[in-house]
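Working notes, structure below.
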Amino acid sequence: MTDSDASAMKLSPGVVDTIISITASDVEGVAAVGTRATTGIRSVFQSKSYNSGIEADLVDGKLNVAIHVDVFYGYVLPELAEKLREAIADALLVQAGIEVNSIDIYIDGIQFEQPE
């Protein structure tokens, strides 16, 4: 693929949301991506995708991201938020060639039990 082929590539918003969701879920300390209102049994009855809790807007060629997460108890929240920012920015640049302008992390809840 040449540079001109890559610049002509178009991604649907669902692809970007999926990259963000999977990347965030892989960061140690993140319990869930999305808000409590869209997780569990409620999500079965709502028409939102599993990526709800993620907003990504392209502005002047760079992406502004907002993501809602639940985290596990015991992690230093500012450090966890920074790890999320770095992981998401790296994944978007490497996998989709998209530069990030800002990533806002919203910690909506804390879970006290980690799955074994």
Side-chain angles (χ1 to χ4, degrees):
M1 179 184 292
T2 65
D3 288 336
S4 62
D5 293 336
S7 65
M9 180 177 71
K10 302 289 183 205
L11 296 173
S12 77
V15 171
V16 172
D17 288 354
T18 299
I19 291 170
I20 295 168
S21 178
I22 291 170
T23 301
S25 296
D26 287 344
V27 172
E28 183 181 349
V30 174
V33 175
T35 61
R36 291 180 187 264
T38 58
T39 58
I41 193 73
R42 285 185 177 179
S43 65
V44 173
F45 299 107
Q46 293 180 344
S47 61
K48 295 181 180 180
S49 72
Y50 74 93
N51 292 333
S52 60
I54 298 172
E55 294 179 26
D57 298 313
L58 193 62
V59 177
D60 296 328
K62 292 189 178 182
L63 203 61
N64 293 327
V65 175
I67 182 169
H68 293 260
V69 295
D70 282 0
V71 299
F72 289 116
Y73 177 79
Y75 286 85
V76 178
L77 301 182
E79 290 175 10
L80 181 57
E82 187 57 32
K83 286 180 185 177
L84 272 167
R85 284 186 192 96
E86 289 175 12
I88 291 168
D90 289 347
L92 288 168
L93 186 59
V94 169
Q95 295 179 34
I98 299 172
E99 290 187 41
V100 175
N101 185 42
S102 69
I103 301 175
D104 296 325
I105 309 293
Y106 296 93
I107 298 174
D108 292 334
I110 296 176
Q111 295 185 17
F112 292 96
E113 293 181 25
Q114 259 184 319
E116 295 179 22

Original post:
Is it true that atom CD of Glu82 has more than 12 heavy atoms of other residues, nucleotides or ligands lying nearer than 6.0 Å?
Top reply: yes
*Under a 4.0 Å N-O cut-off, is there an ion pair linking Glu86 with Lys83?*
no
Margin query: Using side-chain heavy atoms (C-beta onward) and a distance below 4.5 Å, is Val100 in contact with Leu93?
Written below: no
Tightest non-hydrogen contact, residues Val27 and Ala87, listed as CG2-CB, 3.8 Å
### Task
Please answer: with hydrophobic residues joined when any side-chain heavy atoms are less than 4.5 Å apart, are Phe112 and Val69 in the same cluster?
yes
So CZ of Arg85 and CG of Leu80: to nearest 0.5 Å the spacing works out to 10.0 Å
Exactly one candidate in Ile22, Val30, Thr23 meets side chain to side chain contact (heavy atoms under 4.5 Å, CB included) with Asp26; the answer is Ile22
Ala81 and Ile105 have their tightest heavy-atom pair at O-CG1, 3.9 Å
- Message: Using modelled atom types and a 3.5 Å cut-off, is there a donor and acceptor pairing between side-chain atoms of Ser21 and backbone atoms of Asp17?
- Response: no
Here the pair of heavy atoms bringing Ala56 nearest to Ile20 is CB-CD1, 4.3 Å
Judged by modelled atom types alone, do Asn101 and Asn64 share a side-chain donor-acceptor pair under 3.5 Å?
yes
Tightest non-hydrogen contact, residues Gly34 and Asp108, listed as O-OD2, 4.4 Å
Answer with yes or no whether the hydrophobic clustering places Tyr106 together with Leu84; edges join I, L, V, M, F, W, Y residues whose side-chain heavy atoms lie under 4.5 Å apart. no
- Message: With heavy-atom distances below 4.5 Å as the criterion, would you say the side chains of Ile107 and Asp70 are in contact?
- Response: no
dist Ile67:CD1 -> Glu55:CD (nearest 0.5 Å) comes out at 11.0 Å
